[in-house]
Amino acid sequence: MSDREVQLVQGNEQSIPVTQRRPPIVLVRNLTKVYRLGETSVPALRGVSLTVGAGEFVAIMGPSGSGKTTFMNLLGCLDRPTSGDYWLVGRKVSQMTPDELADVRNRRIGFVFQGFHLLARSTALQNVALPLMYAGLSRAEQERRARRALELVGLGSRLHHRPSQLSGGQQQRVAIARALVNNPALLLADEPTGNLDSRTSIEIMAILQALNARGLTIVLVTHEADIAAYAHRRILFRDGQIVCDEPVTATRSAQEELLQFYQASPTSSDGYRALPAEKER
Amino acid sequence: MSGPVERERQSQTTASTELLAQQARGRSSTQAPQFQTSPVERGKQLQRRREVHRGSLLVANFASAFESLWANRLRSLLTTIGVVIGVAAVIAAMTLTQGASVLIQARLSVLGTNTLLIVPGAATSSGAFSSLGSQQSLTQGDADALASIPHVVQVSPVLSLGAQVIYGSQNWNTRIQGVYPGYQQIQGWEIASGRWLNAHDELAGLPVAVLGQVVANSLFGPSGTNPVGQTIRIGTQMFRVVGVLQPKGSFGAFTQDDVVFVPFTAAVIRLKNTGYVDQIQVLVDKAEHVDAVQRAADATLLKRHRISAGSPADFQIRNANQLLQTAQQATQTLTLLLVGIAGISLTVGGIGIMNIMLVSVTERTREIGVRMAVGARRRDIRNQFLIEALTLSSLGGILGIILGLLVGWLMTTNFGVPFVPQPLSILLAFGVSALVGITFGFYPAVRAARLDPIIALRTE
């Protein structure tokens with residue numbers, strides 16, 4: 001473990017709530033979702049039940065149309081189920097009003113998207129502070145916490161850069177910092193490496209693994225089997241149902257792979273750690 | 001930092017105790033814990049937390065509005081033009097009409113509220129009316145008859161004609177007025193040098209003249225001669241200058257000081273051989289007697305002109321208050337007209353703002369999705385776009401106020417009207433432009449707020 005990672009773990013211990021021996025983070029029972037397209041109704045989810053405990057790292061896989069995206073939207077409180085129940089950290093969110101859901105998204109859930117989804121005109125710091133703004137924190141507190149989150153993902157020197165001035169990997173780090181800044185109970189990552197090359201993908205997975213190692217619960221949606229191999233548990237969706245739910249037998253370590261990258265070509269990059277200091281582009 | 005963590009722990013603890021309680025009651029059909037507080041209670045808690053730093057969200061909204069407007073600055077500027085023109089029109093019109101009415105009031109107050117003006121009626125020719133005063137009906141005898149009415153202080157007939165006035169090599173086209181000596185008191189003229197016309201001048205019909213400042217300057221300015229005592233020619237007649245008047249001021253192209261006064265008799269004998277006068281002016285001792293004197297004068301003239309009751313009179317009597325009212329009505333009509341034009345312009349401007357806000361919402365659909373994903377409520381999104389529309393229209397309002405004042409200043413300076421900016425109308429114009437933004441920005445903002453976060457996030 002590098003110095004930087006030790007720092008990461010020690011420096012932010014308080015920001016991730018201790019979730020041992022607590023109710024499950026995600027508790028889903030018989031969740032269904034039916035989309036109505038004119039006269040016909042299309043069932044996207046047909047009774048999904050799932051429990052995700054605190055500190056788990058779950059990869060959700062499945063072909064397109066399997067319902068994994070719909071399930072992700074429900075987990076993220078972006079949508080409401082047609083039937084069934086969903087408790088997030090002991091709170092029943094499946095019947096909440098849109099405003100209540102907005103608040104749950106704000107405080108309990110962090111999103112990381114494939115396309116980063118940063119605000120183009122805002123700096124890294126402003127992007128990360130966005131959830132805190134809607135949480136009603138003072139400006140000083142917003143900036144303090146956003147700065148810490150960016151330092152955590154190794155972008156302490158890029159606070160005032162706009163997304164267009166950052167590499168894809170750096171943009172995804174900003175997105176991760178934004179997802180972490182409000183101390184969520186659950187991090188939802190939707191194809192977080194879909195737009196990145198394999199090397200940067202491993203870097204991002206290393207950050208997610210490092211965060212998970214400190215107790216953050218992560219649910220990752222991906223269609224790439226080798227990305228899912230970084231998780232501890234793999235769930236396979238097909239036709240709106242879970243067809244397979246198994247532990248990942250040989251979990252890959254992004255940290256070690258980065259180290260191998262570094263040893264193979266020491267001059268190519270200075271970063272083999274979870275949070276490498278990236279070069280200026 | 002410990003605050004949220006503490007809350008987190010509490011809610012988890014309460015949830016798990018609830019779970020235990022449920023299991024104890026044997027309701028283990030669902031193993032899930034229930035949130036213990038009621039939705040109302042929960043809503044209150046959220047509300048309380050949200051309201052702590054609303055200000056920072058508001059500031060951020062304004063900052064983001066400015067940022068977004070600046071990013072599309074040409075588009076923003078073009079959008080505001082409707083509002084700019086509307087507000088500028090109101091401000092310029094108000095400035096001009098205010099200046100004009102201040103001037104008119106000042107002039108009429110010089111004329112005095114105690115003055116009656118009698119003019120001949122409109123001439124009728126085969127039933128068609130010509131302009132007022134075109135008829136020849138008033139005589140010097142009428143004027144003299146009015147002098148015997150109680151409370152009348154002074155009466156003077158006025159005979160007006162245009163003529164060329166010549167002194168040496170200088171000549172000037174001006175207005176000659178034949179008046180009684182009492183006219184000085186009626187109109188409040190003051191002497192700069194020399195004297196006013198006296199009773200002897202009038203009785204003898206002496207060829208003497210009192211010059212207005214403009215005429216005196218035109219004729220005697222170049223040579224630097226003292227006008228008093230000099231002989232000038234009015235038309236074909238020689239007149240001796242006995243006095244020069246203090247200036248009274250001007251209204252644009254029209255100046256009161258471009259005038260020559262001569263004795264009424266002299267004017268009749270030497271300049272305009274007629275039995276009729278152009279107007280009769282009457283000075284009443286007190287303002288409260290004006291109405292009574294007006295009625296008495298009306299009766300006297302009707303009797304002298306042998307006009308029976310019910311027939312149209314061949315003269316009109318006006319007092320300063322009526323003139324003031326007429327002038328105010330005219331400016332009010334003008335103001336109303338301009339406000340109407342401004343209203344149309346502001347409506348068009350508002351529709352422009354609505355249009356551009358709809359475009360902005362469509363362009364930023366994904367941004368809205370991101371904001372919703374990280375916890376923006378519908379009203380947060382709505383307020384963001386409302387504030388953007390408000391900022392846009394208010395900027396238009398401010399630009400319009402500046403432009404309007406500039407145009408108003410140019411116009412008033414040009415017309416010689418005092419420049420009187422009205423703080424109230426400026427404030428009102430700003431308020432109206434802000435209102436336009438809110439009104440026309442509402443629909444786009446509500447549309448943004450109603451977006452489905454999932455669809456918004458998926459938009460490219």
Side-chain angles (χ1 to χ4, degrees), chain A residues 14-19 21-24 27 29 51 69 73 76 78-79 85-87 89-92 95-111 113 115 117-122 126-127 129-131 133-139 141-142 145 178-179 182-183 185, chain B residues 1-2 4-9 11-16 18-19 30-36 39 42-43 45-46 48-57 59-61 63-64 67-68 70-71 364 366-367 369-381 452-454 456-458 460:
Chain A
Q14 291 181 324
S15 64
I16 303 294
V18 179
T19 47
R21 293 183 302 281
R22 299 290 181 202
L27 182 51
R29 287 291 172 267
T51 307
T69 304
N73 289 337
L78 290 165
D79 204 355
D85 296 313
Y86 171 22
W87 288 266
V89 203
R91 283 180 66 181
K92 189 169 182 178
Q95 311 292 317
M96 280 186 174
T97 65
D99 275 358
E100 286 175 317
L101 287 178
D103 206 72
V104 170
R105 290 196 296 271
N106 185 246
R107 294 207 296 156
R108 301 297 176 113
I109 299 169
F111 289 96
F113 301 100
H117 284 3
L118 300 175
L119 302 189
R121 280 196 295 272
S122 303
Q126 288 167 335
N127 265 294
L130 198 63
M133 188 177 94
Y134 290 115
L137 267 66
S138 71
R139 275 178 87 84
E141 180 70 5
Q142 282 176 34
R145 287 173 65 169
R178 181 179 65 191
N182 229 353
N183 300 318
Chain B
M1 211 56 178
S2 64
V5 176
E6 215 41 54
R7 261 206 298 280
E8 187 84 24
R9 282 180 180 151
S11 73
Q12 281 161 6
T13 313
T14 51
S16 52
E18 181 69 17
L19 176 63
T30 62
Q31 292 191 332
Q34 300 277 334
F35 197 83
Q36 56 162 14
R42 194 161 62 223
Q45 283 173 356
L46 296 182
R48 218 171 296 136
R49 191 179 60 81
R50 289 272 194 177
E51 300 307 324
V52 179
H53 287 288
R54 296 302 295 178
S56 84
L57 189 55
V59 169
N61 272 340
S64 119
E67 229 166 62
S68 143
W70 182 249
R364 288 154 70 190
R366 211 181 68 173
E367 177 193 321
V370 172
R371 288 177 183 272
M372 284 176 160
V374 302
R377 292 167 303 174
R378 287 179 170 182
R379 85 187 77 147
D380 294 327
I381 300 293
D452 181 339
I454 297 169
L457 275 170
R458 222 180 283 148
E460 277 311 310

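In this text the structure is predicted, and so the values were computed from the model without any measurement. Reminder, nothing fancy here: chain letters follow the sequence lines and each chain counts from 1.
Within the 4.5 Å cutoff, the side chain of A/R139 has heavy atoms near those of the B/V59 side chain. Residues B/R371 and A/L119 have side chains in contact (heavy-atom distance under 4.5 Å, counting atoms from C-beta outward). Here the side chains of A/Y134 and B/D380 are in contact, with some heavy-atom distance below 4.5 Å. Counting only heavy atoms from C-beta outward, the side chains of B/V374 and A/R178 approach each other to under 4.5 Å. The shortest side-chain heavy-atom distance between A/E100 and B/R377 does not fall under the 4.5 Å cut-off. Residues A/H117 and B/E367 have side chains not in contact (no heavy-atom distance under 4.5 Å, counting atoms from C-beta outward). The side-chain heavy atoms of B/L457 and A/L78, taken from C-beta on, include a pair separated by under 4.5 Å.
For the pair A/A102 and B/A376, the tightest heavy-atom approach, listed with the atom from each and the gap, is CB-O, 3.7 Å. A pairwise comparison of heavy atoms in A/F113 and B/A373 identifies CZ-CB, 4.1 Å as the closest pair. Taking every heavy atom of both residues into account, B/A71 and A/R121 meet most closely at CB-CD, 3.7 Å.
Taken to the nearest 0.5 Å, the CG atom of A/D79 stands 6.5 Å off from the CG atom of B/D452.
For chain A, no part of B/S64 is nearby; none of its heavy atoms comes within less than 4.5 Å.
No side-chain donor-acceptor contact under 3.5 Å links B/R378 to the backbone of A/P98.
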